[in-house]
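To start, the structure itself, in structure tokens.
Each chain gets a letter, A, B and so on, in the order the sequences are listed, and its residues count up from 1.
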Protein chains: 2
Amino acid sequence: MTREPYGADHHTAVRRPASIKDVAAAAGVSPTTVSHVLSGNRPVNEHTAARVRSVVNRLGYVPASLARSLQAGSTSVIGLLIPDISNTFFAELAKGAEDAAHDLGYGLILCNTEFDADREDRYLGMIRSRFIDGMVYASGSPPSRRRLEALMGKFPIALADEEVEGLEGALIASADHEAGGRLVGEHLRSLGHRRALMLTGPRALKSSVARASGFVRAFGGEVVERVGDFKEGSGYRLVAKLLQDGGLDCTAVFAANDLMAFGALTALREAGLSVPEDISVVGFDDIRAASLAHPPLTTVHQPAYDVGRTATAQLLQYVTRGEVPPASRHTLPVELRVRGSTAPAAR
Amino acid sequence: MTREPYGADHHTAVRRPASIKDVAAAAGVSPTTVSHVLSGNRPVNEHTAARVRSVVNRLGYVPASLARSLQAGSTSVIGLLIPDISNTFFAELAKGAEDAAHDLGYGLILCNTEFDADREDRYLGMIRSRFIDGMVYASGSPPSRRRLEALMGKFPIALADEEVEGLEGALIASADHEAGGRLVGEHLRSLGHRRALMLTGPRALKSSVARASGFVRAFGGEVVERVGDFKEGSGYRLVAKLLQDGGLDCTAVFAANDLMAFGALTALREAGLSVPEDISVVGFDDIRAASLAHPPLTTVHQPAYDVGRTATAQLLQYVTRGEVPPASRHTLPVELRVRGSTAPAAR
DNA sequence: ACTGTTGTGCAAAACGTTTTGGAAACCTAG
DNA sequence: CTAGGTTTCCAAAACGTTTTGCACAACAGT
């Protein structure tokens, strides 16, 4: 019993697809001509072209993009490296990146790292092996800085919303964190607040530092700072701790992101304080839940979508020309969304 | 003035990377040997191997994965087609898919369609041009059925959470929508509710129908059905309309997803009704905002992550063997999360 | 001395395209 | 009839790997 070269083993096996040679043979022309017919790269006699096209249809021929990419020297695919796609901020950013990529006919590989350095390395390997033409990098787990630095000059990379410490010379698109902090500061000041608690994010992140400094400067009043980790639990713990250790001597809380703000809200509620009557709370990011929460959270809207879109569009501008992008900064405007969690300072 | 072949135009141009030939030449061996050294596919004299490795390092040689893929006949990349990555359900699903892909060394291309048929077509083209080895399909915009059907037998495709109407013979992973509806029915019944409003999703989606039928069967009481579109606005409008047209003659509302439930909540609140005292509300999905809302929403937790992970893992099982997956169904368990939006029926 | 066996490395084919320099045939104008 | 132009198509090279068959040497066992 002979074995067929392809398929027929069982109906589940994938059969060899038609190649350009098959089409050429069936149409009685050379592969060159088939290529020209399909690409329109050079004129072909209309009669021959029609015959080729009919064979293409009959055989269901679709050019192998791999071979095309190999020849062209680029894949029309880029990567998007982020820590956690289930975080709505990054999901929005991804959406913007995907849109920008799609507009220029590029594909986008989702590189979700879960903050895992090995995983990040593996994905960065895709750019070194030239499987992707570029990378939009939005992770910023500090240990990866060195590796990134080595790649930066050789491959097209754009930084989205992360100004990694010590990484100058990069193409960067990010929200105006400083301005966001400032808006909050002005808002609370105008409501008569003079003493506030600020829950910051990790000190290593420039964005985190910028939010805090913008706030402190604009607020003018007294600010107590506590360092969190951008997670709900840390907002809860920091506030609960303060409440327990002899009370929270302030009329407003500014958390450097919404998640921590929610944690703070829970802690305050549990302590019998009501928001915004007793104390005002402000977040940062404007995630979906912010407007749905009770009370709806006053927060700084971050243009996550635009950050992703801008970073990607900028990157592609250079990728399409086969260039490594030069240093440049694109700062996107931020907006204060005043909702129900802030009110005039209690007296 | 002569033009250099690569780079040196300006420091921004990408220079030609070292190829296996360059390495071979520099090490005084054949490309074959270099390949064997790196792949370990055949033994090579340790002395020669060391020399080759040193040249590899010196030149910073990284094999071009494109060429490798072309030769191997597969790219180790699959696609994930979804309508909207910024929807937390799909973001979770994507996370599961990405994890499963990563485990087997596969990359994942994000195909976000925004429910746009053209966009979907373009992405499906990637599988026909064999740029991706398979596709996890989670969109289900009805018009694409025919196209999908044509692909199904020829390329590896898995359906995630969408049992597209009339598309049998597929590999499917989905949550147990029917059971979810049943759980809600039982819950409300046990709280003494006898008359309920059900806000369903589009009739064309099997999942939507299953949620409703499971609910109706288990609830037993009287059910008024209204068809929505899974968006917040439709939940709001449907309830507002009913309230206006002579009152809502029921003690509970079951929305086929959380977003519509939020819309319903808003409409009820605006009408002066309080939840859950006057009327209970239940959602479906358990998106992030559900637990943060006020009152926290009772809902059915859908294992989005597992759906994505299972669909992908199953698909890859066949992809790695070069087979098209056979029909099979993987139903994942669902869980009722009882929170603050449901209470015993008012009398 | 013959026959294997093992170790080592290379040449060439193959994967499926696109691109480029001509060749052949035909036309046109002088 | 010839020089130059057009039209139409093809052969071959190139993209960068992996795989396979083979050659050559060295060495062992008989």
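- A donor-acceptor distance shorter than 3.5 angstrom exists from the side chain of B:Asp133 to the backbone of B:Ser76, with no hydrogens or angles considered.
- In this model, the phosphate group of D:dT18 is not approached by any side-chain N or O of B:Asn41 to a distance below 4.0 Å at OP1 or OP2.
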Q | salt bridge (Lys or Arg N to Asp or Glu O under 4.0 Å) between B:Arg122 and B:Asp116, worked out | A | CA-CA 10 Å; B:Arg122 202 178 73 96; B:Asp116 177 31; over 6 Å; no

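- Using a 4.0 Å heavy-atom distance criterion, A:Ser19 is classed as a sugar-phosphate-only contact.
- Look at CG on B:Asp22: it is 10 Å from C1' on D:dG16, rounded to the nearest Å.
- The separation between B:Glu46 atom CD and C:dT8 atom P is 10 Å, rounded to whole Å.
- Within the 3.5 Å criterion, the main-chain N or O of B:Val62 finds a donor-acceptor partner in the side chain of A:Arg130.
- For A:Arg16 against C:dG16, no side-chain N or O and base N or O form a donor-acceptor pair under 3.5 Å.
- In this structure, B:Arg130 atom CZ and C:dG16 atom P are separated by 8 Å, rounded to whole Å.
- B:Arg51 contributes no side-chain N or O that forms a donor-acceptor pair with the base of C:dG9 under 3.5 Å.
- Summary of the strand contacts: B:Ser30 and A:Val34 both lie near DNA chain C, and taking for each the nucleotide with the nearest heavy atom, the more 5' one is attributed to B:Ser30.
- Within the 4.0 angstrom heavy-atom criterion, only backbone atoms of the sugar-phosphate kind lie near A:Thr48; the bases stay farther away.
- Heavy-atom distances to DNA chain D give each of A:Thr32 and B:Gln71 a nearest nucleotide, and the one nearer the 5′ end belongs to A:Thr32.
- Looking at heavy-atom distances under 4.0 Å, A:Thr33 makes contact with sugar-phosphate atoms alone, never a base.
- Summarising the geometry, the separation between NZ on A:Lys21 and P on C:dT17 is reported as 9 Å, rounded to the nearest angstrom.
- Straight-line distance from the CZ atom of A:Arg68 to the C1' atom of D:dG16: 18 Å, rounded to whole Å.
- Judged by distance alone, with hydrogens and angles left aside, B:Arg42 brings a side-chain donor or acceptor within reach of the base of C:dG9, the pair sitting under 3.5 Å.
- Applying the 6.0 Å contact sphere to CZ of B:Arg128 captures no more than 12 heavy atoms from other residues, nucleotides or ligands.
- Across the protein-nucleic acid pair, B:Leu70 atom CG and D:dC15 atom P stand 14 Å apart, rounded to whole Å.
- Here A:Ser35 reaches the OP1 or OP2 of C:dT18: one of its side-chain N or O atoms lies under 4.0 Å away.
- With rounding to whole Å, B:Leu66 atom CG is found 14 Å from C:dT18 atom P.
- Between the A:Ser65 side chain and the B:Ser129 main chain, a donor and an acceptor come within less than 3.5 Å of each other.
- Residue A:Asn45 places no side-chain N or O under 4.0 Å from the OP1 or OP2 atom of D:dT7.
- Atom CG of B:Leu38 is separated from atom C1' of D:dT17 by 11 Å (rounded to the nearest Å).
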